[in-house]
Each structure stands twice: as structure tokens, then as C-alpha cells.
There are 2 protein chains.
Amino acid sequence: MKNVTRKSKVPAMDASGASEAVRQENVTRILDAAERLFKHYGYTKTNVADIARDLGMSPANIYRFFGSKADIHQALAQRMLDAGYQLAAETLSGPGNASDRLRKHILQQFQMTLETMISEQKVHEMVVIAIEQQWPVIDAHLRRLRTLVTEVVREGIAAGEFRDTDPEVAADCFMSATAALCHPQMVATCVSEFKICTPEQVVEFALRGLK
Amino acid sequence: MKNVTRKSKVPAMDASGASEAVRQENVTRILDAAERLFKHYGYTKTNVADIARDLGMSPANIYRFFGSKADIHQALAQRMLDAGYQLAAETLSGPGNASDRLRKHILQQFQMTLETMISEQKVHEMVVIAIEQQWPVIDAHLRRLRTLVTEVVREGIAAGEFRDTDPEVAADCFMSATAALCHPQMVATCVSEFKICTPEQVVEFALRGLK
DNA sequence: CGAATGACGAAATATGAAAAACGTCACCCG
DNA sequence: CGGGTGACGTTTTTCATATTTCGTCATTCG
């Protein structure tokens with residue numbers, strides 16, 4: 001409901017820079033505390049009073065930086081997704097040909113999802129909430145990732161590595177085909193059930209679709 | 001917990017056939033009533049007393065045929081999955097080359113999932129329960145389907161239509177790659193979000209992975 | 001004057017008793 | 001004797017209420 005990135009109005013230009021900086025630092029401190037508490041006690045079991053107490057401030061003060069508890073959750077999700085995006089960007093713009101990079105990217109994504117699910121259930125709880133409620137941050141993240149993948153596909157086509165098709169469509173198809181390895185819900189349900197092929201084989205299969 | 005297919009002991013061989021037949025008819029009647037009521041009022045809103053009243057029998061009598069309400073649900077799921085399997089079997093053993101049959105099969109599956117989700121929310125509720133609790137019937141159904149797909153892949157390889165690889169692995173990869181179109185949870189979440197490519201394109205992409 | 005807070009109404013959630021539903025069993029009936 | 005049932009103990013769900021938590025605002029503080 002409320003907007004996540006509410007910017008304070010900037011009445012004067014002279015001190016606004018410093019003011020904005022100190023504000024940003026408070027935001028970061030709150031997110032750090034929230035992340036730690038959420039991971040320890042779980043999202044639903046942690047209330048804003050807990051976060052405020054942990055920081056030695058009043059609950060009301062939290063609301064000067066975040067419109068709601070859900071906003072904190074979303075900002076945290078944004079931060080985590082940003083980290084994932086950063087990693088993906090490095091992998092996808094790293095060394096190797098297009099196939100190598102895409103393969104590494106997907107398997108990395110899979111690995112990350114798997115580990116989060118197994119060892120950090122509290123984080124997984126937050127992920128599930130985010131997906132169920134179809135937050136825009138998730139959608140935006142997927143779009144960002146798709147942009148990266150599209151670029152790699154484009155390079156692969158230019159290098160003669162992939163066949164010549166619409167890079168956007170091809171990238172989207174590739175991501176759909178590997179969704180079983182990247183989507184948390186899929187990973188959660190499909191890992192347990194008996195599968196014949198390995199993640200590596202699925203990636204190879206999807207890569208072949210590009211060629 | 002309880003077993004779904006509890007068979008009555010067969011003390012004598014002469015009348016056991018008829019006895020078993022009349023028993024089977026009761027099972028079917030119960031399932032028919034349950035299906036109608038579940039679809040109308042929803043699974044959680046319907047109790048066994050409702051089903052019994054609908055059939056003009058006592059609730060206790062239901063338990064002579066099913067170990068629990070969940071067993072009815074599972075048997076119903078089995079019956080629906082059987083119908084889906086039947087359809088898939090016809091499509092996959094129908095006319096056309098391997099690609100045509102696989103394409104038709106996946107798009108058909110997608111269509112079915114989509115319609116169920118949109119127009120029969122009560123059924124979708126039951127599907128979600130079945131998936132969340134990871135019922136063996138679902139797993140068995142997927143295995144059955146995979147067997148069918150494997151056979152088509154094998155034929156495609158024999159006809160020189162697909163490249164020569166392990167049919168089982170290839171079929172499993174193909175199903176993973178098209179999971180975004182067949183898995184109810186995926187369809188539910190991914191349809192709404194803005195996608196660049198169409199279902200048809202995803203299928204073509206996956207088919208290309210076989211070639 | 002802006003940063004921060006205690007007090008407060010609204011909304012969500014925990015609690016616990018009452019009701020309903022589940023599932024079992026001794027018993028009845030054709 | 002097998003098909004069927006009413007009565008009954010146990011578990012789950014419902015629902016009203018008490019408590020917590022959320023989020024706002026007038027007021028205080030530096």
C-alpha cells in the first residue's frame with residue numbers, strides 16, 4: 001500500500017546532501033537490525049518494537065524511515081535481490097563464451113536457491129511471502145535478470161554461437177525452460193521428487209534450445 | 001496416513017466377484033457425490049456427513065469404503081489424474097511425428113491447467129492441497145506421464161527426428177523445461193507477470209533441445 | 001526547526017471455550 | 001454372516017474476546 005522509497009522533501013540545497021546521507025545511514029542500520037532479527041526469530045515473530053529496541057530507539061522513529069513493517073521487508077528483499085543481481089551480472093559479464101556464462105549463471109542461481117531453502121528457512125519464509133503476494137520488486141528483479149540474459153544471448157548470436165533469432169524471446173524462453181532450477185517454489189517441490197536428470201543436464205538441454 | 005486402496009478380504013471365491021463389483025459401484029457413487037459437492041462447496045466446506053446425506057446413507061458407512069476423508073480426496077485426485085493421463089496417452093500416441101505430438105501434449109496440458117485454475121477454483125484448491133502435501137499420486141502421475149513422453153522421444157530418435165541420446169534423460173529434461181507451462185503453481189504465478197514469449201514459443205524452444 | 005518520542009486508536013493476532021467434524025465400535029437387521 | 005447404523009470418544013474448527021502489534025500525531029527535546 002505505502003510507497004517504499006519515500007524521499008524526504010528537500011527544502012534547502014545546502015545541507016540537504018548531509019541530511020540525506022545521515023538519513024540513508026539510519027535506513028541501513030534499521031535494515032541491518034531487521035535482517036538479523038528476521039533471520040533469527042522469523043519475519044512474523046519480529047515486530048517493529050523489537051527492531052527499535054535493538055537499535056535503542058523508539059518504535060515511532062522507525063516510521064520516519066519506513067512507511068510500514070512490510071516496507072522494511074520489501075527493502076530487505078530489494079537489498080538481497082540486488083546482491084543476487086550483482087552476482088549474476090558478474091557471472092554473465094565474466095569470461096567464457098555465451099554458453100559457459102549462461103550455464104554458470106543458472107547453476108549458481110540454483111545453488112543459491114537450494115542453500116537458502118535448506119540452511120536459512122527463515123529467509124525462505126520471507127521469500128515465499130514475497131512471491132505469494134507478487135511484489136513488484138520480484139518482477140523488477142526478473143526483468144533485470146532477463147535484460148542481462150538477453151544481452152548474453154545477443155552476444156552469443158553475434159558470435160555465431162547461437163542461431164539467429166529474436167534475443168528477447170530466446171532469453172525469455174531460456175529462463176522459462178530453466179525456471180525449474182531457479183524458482184524457489186519449483187526447487188522446493190521438485191528436488192524431493194525422484195528426478196532422472198541432473199541440473200547440469202537440464203541446463204545443457206536449455207542451452208541446446210538456443211543453438 | 002491410511003491406505004487408499006484397502007481391499008476387502010476375500011473369504012470365498014464364488015461370490016467374491018459380485019461382492020467386489022457392488023463394492024466398486026459404491027466407491028464410484030461416493031466419489032461422484034464427493035466430486036459434485038467438493039466442486040460446489042469446496043473441499044474444506046464439505047464434510048463426510050454431507051456426502052453421506054447426499055447418498056442417503058450414514059456417515060459411518062462411508063468409512064467402510066474409505067479410510068478417511070483425505071482418502072476420498074486422494075481417490076478423486078487419482079480419478080482426475082487418470083482422466084488427464086488418458087487424454088495425454090491419446091495425444092501422445094496419436095497421429096503426427098514426435099514433435100507434433102509433444103507440442104500438442106504440452107499445450108493441451110497448459111490449456112487444461114489454465115482453465116481449471118480460472119473457471120474451477122474449487123478444484124484448484126484441491127490441487128494445491130495435493131501438491132503442498134506431496135501426495136504419492138502426484139508423483140506416480142508424473143512418472144506415468146514421463147513414461148509416455150519417454151516413449152515418444154524414443155520414437156523421435158528412432159525416426160531420426162531427434163538427436164541420439166538417452167531417451168529417459170531427454171524426456172525428463174523436456175518435462176523440466178516445460179514445467180513452467182504444466183505445473184499449476186508455476187502457471188498460477190507466471191501467467192500474471194509480464195512475459196515476452198508465448199507458450200507456443202516455449203514449447204518450440206524445448207523441442208529444439210531434443211534435436 | 002527538525003529529530004525524536006510517548007500516548008493513543010485501529011488492525012491484527014493469540015487465547016480458550018464451545019461446537020462441529022472426524023473416525024471407531026458394539027450392535028442391529030435382512 | 002455381511003452390510004449397515006446410531007452412539008460415542010477424540011481431534012479439529014469456529015468464534016467471541018483479550019492482548020498484542022501496527023501505525024499516527026500532538027508534543028517534547030536538543
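Each chain gets a letter, A, B and so on, in the order the sequences are listed, and its residues count up from 1.
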In whole angstroms, how far is the P atom of C:dC22 from the NE2 atom of B:His73?
14 Å
Under 4.0 Å between a Lys/Arg side-chain N and an Asp/Glu carboxylate O for A:Arg144 and A:Asp82?
yes
For atom CG of A:Asn61 and atom P of D:dT24, their distance in whole Å
14 Å
Go through the side-chain N and O atoms of B:Lys69 and B:Thr46 and say whether any donor and acceptor fall under 3.5 Å apart.
no
Of D:dG6, D:dC22, C:dA3, the nucleotide closest to the side chain of A:Arg64 is C:dA3
For A:Asn26 and C:dT5, what is the distance between atoms CG and P respectively, to the nearest whole Å?
11 Å
Quick check on contacts: within residues 42-59 of chain A, what sits under 4.0 Å from DNA chain C by heavy-atom distance?
A:Met57, A:Ser58
Taking D:dG4, D:dG23, C:dT5 as options, the one with an atom nearest any side-chain atom of A:Lys69 is D:dG23
Could you give the CZ-to-P distance, from B:Phe65 to C:dG23, as a whole number of Å?
17 Å
Between C:dA3 (P) and A:Arg23 (CZ): distance, integer Å:
8 Å
Write down the distance between CG (B:Asp71) and P (C:dA21), rounded to a whole number of angstrom.
20 Å
Do B:Leu76 and B:Met126 have side chains that get closer than 4.5 Å, going by heavy atoms?
yes
Regarding B:Arg64 and B:Asn61, do their side chains bring together a donor and an acceptor under 3.5 Å, going by distance alone?
yes
Given C:dT24, D:dT5, D:dT24, identify the nucleotide with an atom nearest to the side chain of B:Tyr63.
C:dT24
Separation of C:dC22 P from B:Phe66 CZ (nearest whole Å):
14 Å
In chain order, what residues pass the salt bridge (charged side-chain N to carboxylate O under 4.0 Å, His left out) check against B:Glu35, with sequence neighbours excluded?
B:Lys39, B:Arg79
Quick one: do the B:Gln108 and B:Thr91 side chains pair a donor with an acceptor below 3.5 Å?
yes
